Number of protein chains: 4
Amino acid sequence: MPERTGPPGRRPRADAQRNRSHILDVAEGYFAEHGIAGSLDAIARRAGVGPGTLYRHFPNRDALLAALLEARNAELVSRRDRIHDEAADATEALERWLEALGDWVAAFDGLPEPLRAALREESSPLALTCEGFITTTDDFVRAARDEGGARPGVRGRDVFLGVLAMAWVRGAAMADDQAPPALDALLRTGWAAPADEA
Amino acid sequence: MPERTGPPGRRPRADAQRNRSHILDVAEGYFAEHGIAGSLDAIARRAGVGPGTLYRHFPNRDALLAALLEARNAELVSRRDRIHDEAADATEALERWLEALGDWVAAFDGLPEPLRAALREESSPLALTCEGFITTTDDFVRAARDEGGARPGVRGRDVFLGVLAMAWVRGAAMADDQAPPALDALLRTGWAAPADEA
Amino acid sequence: MPERTGPPGRRPRADAQRNRSHILDVAEGYFAEHGIAGSLDAIARRAGVGPGTLYRHFPNRDALLAALLEARNAELVSRRDRIHDEAADATEALERWLEALGDWVAAFDGLPEPLRAALREESSPLALTCEGFITTTDDFVRAARDEGGARPGVRGRDVFLGVLAMAWVRGAAMADDQAPPALDALLRTGWAAPADEA
Amino acid sequence: MPERTGPPGRRPRADAQRNRSHILDVAEGYFAEHGIAGSLDAIARRAGVGPGTLYRHFPNRDALLAALLEARNAELVSRRDRIHDEAADATEALERWLEALGDWVAAFDGLPEPLRAALREESSPLALTCEGFITTTDDFVRAARDEGGARPGVRGRDVFLGVLAMAWVRGAAMADDQAPPALDALLRTGWAAPADEA
DNA sequence: TATGAATGAGTCTTCATTCAT
DNA sequence: AATGAATGAAGACTCATTCAT
């Protein structure tokens, strides 16, 4: 019984923690199955808790989503660090970062939508997450540009939006195996031939 | 549709035709105002017909949307023809076509979504519309490529998807005035510097 | 209760009017039982219709209440006419009118509350009803005043509010048989002795 | 849970006392702001305690309200005493007492409602409070009546209810500046002209 | 005793679609 | 053909109260 009674540093109750992460597990599965537009009540039901419990932990869908992404965020951040360490040059780094970002956005079907919405009204907990990665993207873009690998005038924010957009449209192109890489290439080099601007 | 005639006076149902086009008018205004996610009931109400009538003419939202776009399609087609006539070269033509396509997709707030969905399951009446324009886009792309203005390997379908994607993400970027042109440029030339691939 | 429901499973589609009045019947009983704060869903359930059907007929609680009162309104109006015809003088008329008003307000337990609320924000369908009766009350008050039976300076609106208020407290005084008439008398003559103001 | 009645003099813990009065402070502010229908959870939160703690001190909303009024009761009682000391005659005293009572009831928006309810079912802690003031009111009324200032047959209870009622309806009449005094006058002298009963 | 997590029935509301009239 | 009433599942979210910690 290492539990000291009294009011020392309040730690979250064990059962609450358990519940929270259980809800997250269930939500992950549910969202993976039904896309992120599924019913929150259904998630609560499947998790075996009342809707109030879910709402206590996550006051709205975005909060739940943000919590769900948090785990992946850590992964994304570590991937960023790895890229910093391993990439031969800034251009390759940017490329790999965008790939990482693309994977992150593809975590759940329909995820691009709330991310876009969050970018619109900054009050969402998702907005913070996004802004962080926008900044990171901008850093990568800048470095690549300094190196001559990225086109001048391209902003990190736009590239981020581009990744988001491509991830969104990819949802439609699943039957077409060539589409995903084609879309990445499109974002990378555009449709115009280089000669066009020389 | 086998027209069943009863008593004499077998008219081609002028009133039904009138109804149909009236519904379309109303729907156009409604979608322009509220985005394409508005309630179909509300449209029927505003058009002064019962929901059943609306449903008879357009069995679901996509059908309505498709019919709505058909009118614009004519415009888009004529724009295509004008481009063919006026454009100095195939590259400029493609550029202008994509601009036209962008305008077309931006007709209603939220339109990219059902278009994307239609591309997924081809059963939607919107799918046909899209496929037509994909073909057209491909024609433009091919011509530009033959001319050296478009990058080899770029498919019309991908470019179409790219336009769709950019139109979609644009919804989020409204506060940012630089974003729309930046996104167009991104799609045109990508983020990578030309030197990168020379 | 010989509940006239159709064969189990398939509910025979009733005429809209009949459905409407059936809902009203049920609502009347339900409100009489549980007071006017009861659940609308419960009423729909009890009426054997979906909540949507109830909402189609009565978009909100006030609308339902207003419809419920409409029948009684007719009665109140005819009572008003009878009073006009029968009352010996304007003072007796006012007296009888207030009695009628009191009966009207006592139709459902808790009715004074939404009436008061409606008086606050005039958008409610109940507001119209109330305003009409306020006007009528004012007419009666004026006539009585001209005759010397009502105190100068008393406005119809205040008297109406007084009736509402007394009906409201009456809910508390049920155990006390003397209270209702005492409250009426209080409203009529006040607590102060006439000598006090001579 | 065995009730430990043996050794008496078990004082409440100091921190419990502190908690209790802090909750009261917070509740006072909250009710003053949001009316008495606000969420108890919100009060607990604002007070920095758990809802369980609030519940332990005040098993329900009425108990909290009663405790809250107790503080004001002292003030009301002292006002009563001051009236006794200062009033020139019993009629003026009654008048001033009713004014005091009106202020008391107006302490919180929506307060009349639970008071009325408490009068109905005497089990509420508010009932006691009310009964005390009803008695006081009756004393004032009697004294005034003996002096010829109050109408014979008027009972303290009824006058109390009248004050409650007028306070209740006043909530609706706020837009109308003339209403509050008009309602007071109505309660004082009624709508009938004195001549009517001479 | 204090805490605050959990409960879960309950609130109102919407809407695509069906089907009796 | 047209109508529009009916459906009823589903949605998000609340909150007084209980109970495990």
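Given the structure is predicted, the values throughout are model-derived calculations rather than measurements. Note on naming: letters A, B, ... go to the chains in the order of the sequence lines (proteins, then strands), and numbering restarts at 1 for each one.
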Between C1' on F:dG4 and CD1 on B:Ile23, what's the gap in Å once rounded to a whole number? 13 Å
Nearest-Å distance, CG (C:Asp41) to P (F:dA9)? 12 Å
Options F:dT17, E:dA2, E:dT13, nucleotide nearest the side-chain atoms of D:Thr53: E:dA2
Quick one: are A:Phe58 and A:Leu40 in side-chain contact, heavy atoms under 4.5 Å? no
Rounded to whole angstroms, how far apart are CZ on D:Phe58 and P on F:dT17? 15 Å
Rounding to an integer number of Å, can you tell me how far D:Leu64 CG sits from F:dA16 C1'? 13 Å
How long is the straight-line distance from CG of B:Asp62 back to CG of B:Leu68, given to the nearest 0.5 Å? 12.0 Å
F:dA12 P sits how many Å from A:Asp62 CG, rounded? 12 Å
Measuring to OP1 and OP2 of F:dA2, would you say a side-chain N or O of B:His57 lies under 4.0 angstrom away? yes
Taking a pair to mean Watson-Crick or G-U wobble geometry with both distances below 3.5 Å, E:dC19 pairs with F:dG4
Whole-Å distance between F:dA6 P and C:His22 NE2? 12 Å
5' priority, DNA chain F, between A:Arg18 and D:Arg61 [closest heavy atom]: D:Arg61
Tell me the interatomic distance from D:Arg56, atom CZ, to E:dT1, atom C1', rounded to whole angstroms. 6 Å
Spatial distance of atom CG (B:Leu128) from atom CG (B:Leu69) [nearest 0.5 Å]: 12.5 Å
Per B:Val49 side chain, nearest of listed nucleotides F:dT3, F:dC13, E:dA2: F:dT3
Check whether any side-chain nitrogen or oxygen of B:Tyr55 sits under 4.0 Å from OP1 or OP2 of E:dT18, and answer yes or no. yes
Using modelled atom types and a 3.5 Å cut-off, is there a donor and acceptor pairing between side-chain atoms of A:His22 and backbone atoms of A:Arg18? no
As its Watson-Crick or G-U partner within any shown strand, both distances under 3.5 Å, F:dA9 has E:dT14
Contacts of B:Gly52 and D:Pro51 projected onto DNA chain E by closest heavy atom; the upstream (5') one is D:Pro51
Within the structure shown, what part of the strands sits under 4.0 Å from A:Asn19 by heavy-atom distance: base, sugar-phosphate, or nothing? sugar-phosphate
Is the shortest side-chain N/O distance from A:Ser39 to OP1 or OP2 of F:dA10 below 4.0 Å? no
Take atom CZ of C:Arg20 and atom C1' of F:dA6, then tell me their distance rounded to the nearest Å. 16 Å
Between D:Gly48 and C:Ala42, which residue's closest nucleotide on DNA chain E lies nearer the 5′ terminus? D:Gly48
Validate the cation-pi geometry between B:Arg116 and B:Trp168: distance from NZ or CZ to the six-membered ring centre under 6.0 Å, angle to the ring axis within 45°. no
